[in-house]
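Report on the following structure.
A quick note: this is a predicted structure, and the numbers were derived from the prediction, not measured.
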Amino acid sequence: MTISAQLMSAVIMFASGIFVGCVVDSTRAVLGGLPKRQWIRQCAVVLELIVWIALGFCTFYFLYVTKGGQWRAVDPLFQLAGIFAYDKLFRRFFRFMGRLFVLLIIRPIYWIVYIISRFFLVCYKVCATIVIFVFTPVMKLYKVVLGNRFKK
């Protein structure tokens, strides 16, 4: 392996460490923002463990794709360095970008879906009320005329 390939491998593992730090931090932020009574919040440790396992598999697959399955002892060190770099240098930036993404993309989509669903729910309730209002005299007449015939 040439020096440029080793440097590229180190940079790739460093970047994957930043990615791992971002994913783990995002997972913790999302799970921490949920109400304590929700079942997902109660399973937070298990979900975080699943995220760590998935990230481990992704890292080894990434190593397999980029380096042909060669693994060196410095690869985890560079990944840990990337995780620490994320923690100390990039966390504020990524959290800011996450909040911006939620405010500009997720919340408007949520409110549009909410308003549309409420509109359809109100339309359904109005239609159901009209149908019940129209059929109430018919049902009372049915009970008066035919309701007593079938009683024992």
Side-chain angles (χ1 to χ4, degrees), residues 1-140:
M1 192 178 241
T2 63
I3 292 180
S4 64
Q6 289 178 357
L7 179 64
M8 193 55 138
S9 171
V11 168
I12 288 171
M13 289 308 294
F14 187 78
S16 76
I18 292 174
F19 175 74
V20 165
C22 181
V23 169
V24 169
D25 189 40
S26 299
T27 304
R28 287 179 181 168
V30 167
L31 291 175
L34 294 174
K36 290 185 180 184
R37 292 183 181 165
Q38 236 174 357
W39 67 272
I40 295 176
R41 177 80 184 268
Q42 294 170 353
C43 301
V45 175
V46 174
L47 289 173
E48 188 171 339
L49 183 65
I50 290 170
V51 167
W52 274 106
I53 290 170
L55 287 171
F57 281 129
C58 290
T59 299
F60 281 112
Y61 178 73
F62 195 62
L63 277 171
Y64 179 74
V65 169
T66 57
K67 294 174 35 172
Q70 295 178 355
W71 185 80
R72 306 231 186 271
V74 295
D75 290 337
L77 295 176
F78 279 113
Q79 192 169 25
L80 281 174
I83 292 170
F84 289 137
Y86 169 79
D87 189 44
K88 297 299 178 193
L89 301 175
F90 301 118
R91 176 184 274 183
R92 285 183 151 182
F93 174 73
F94 279 106
R95 288 243 175 134
F96 171 73
M97 294 304 288
R99 283 192 303 271
L100 199 63
F101 179 76
V102 167
L103 286 174
L104 295 178
I105 306 241
I106 302 297
R107 282 199 180 166
I109 291 172
Y110 170 78
W111 282 109
I112 289 170
V113 169
Y114 178 77
I115 289 170
I116 291 172
S117 67
R118 295 303 288 181
F119 174 75
F120 283 120
L121 184 65
V122 167
C123 288
Y124 171 75
K125 285 184 177 183
V126 167
C127 291
T129 305
I130 291 172
V131 168
I132 290 172
F133 178 74
V134 168
F135 281 110
T136 300
V138 174
M139 292 302 292
K140 286 187 179 183

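- How far CZ of Phe94 is from CZ of Phe101: 14.0 Å, rounded to the nearest 0.5 Å.
- For residues 47-65, the set of pairs meeting the salt bridge (charged side-chain N to carboxylate O under 4.0 Å, His left out) definition, not counting sequence neighbours, comprises Arg28-Glu48.
- Of all the heavy atoms in Tyr86 and Gly21, the pair that sits closest is CE2-O, 3.3 Å.
- When every heavy atom of Val102 is checked against every heavy atom of Pro108, the shortest pair comes out as O-CD, 4.3 Å.
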Sequence neighbours excluded and cut-off under 3.5 Å, please list the side-chain donor-acceptor pairs for residues 110-128, or say none.
unit_1, atom_1, unit_2, atom_2, d
Ser117, OG, Val113, O, 3.2
Ser117, OG, Tyr114, O, 2.8

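- For the side-chain hydrogen bond (donor to acceptor under 3.5 Å, both in side chains) test, no residue two or more places apart in sequence or in another chain qualifies with Arg107.
- Note that CD1 of Ile83 is 10.5 Å distant from CZ of Phe14, once rounded to the nearest 0.5 Å.
- Remark: Asp75 pairs with Lys67 by the salt bridge (charged side-chain N to carboxylate O under 4.0 Å, His left out) rule, at least two apart or across chains.
- Residue pairs meeting the salt bridge (charged side-chain N to carboxylate O under 4.0 Å, His left out) criterion with at least one member in residues 7-19, sequence neighbours excluded, do not occur.
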Which atom pairs, one a donor and one an acceptor, fall under 3.5 Å between side chains of residues 50-65 and the rest of the protein, sequence neighbours left out?
unit_1, atom_1, unit_2, atom_2, d
Thr59, OG1, Leu55, O, 2.8
Thr59, OG1, Gln79, NE2, 3.1

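- Residue pairs meeting the salt bridge (charged side-chain N to carboxylate O under 4.0 Å, His left out) criterion with at least one partner in residues 2-18, sequence neighbours excluded, are absent.
- For Thr129, the side chain to side chain contact (heavy atoms under 4.5 Å, CB included) criterion is met by no residue, not counting sequence neighbours.
- Applying the ring pair (Phe, Tyr, Trp, His ring centres under 6.0 Å) criterion to Phe78, with sequence neighbours excluded, gives no partner residue.
- Taking the side-chain hydrogen bond (donor to acceptor under 3.5 Å, both in side chains) definition, one finds that Arg95 meets it with Asp25, sequence neighbours left out.
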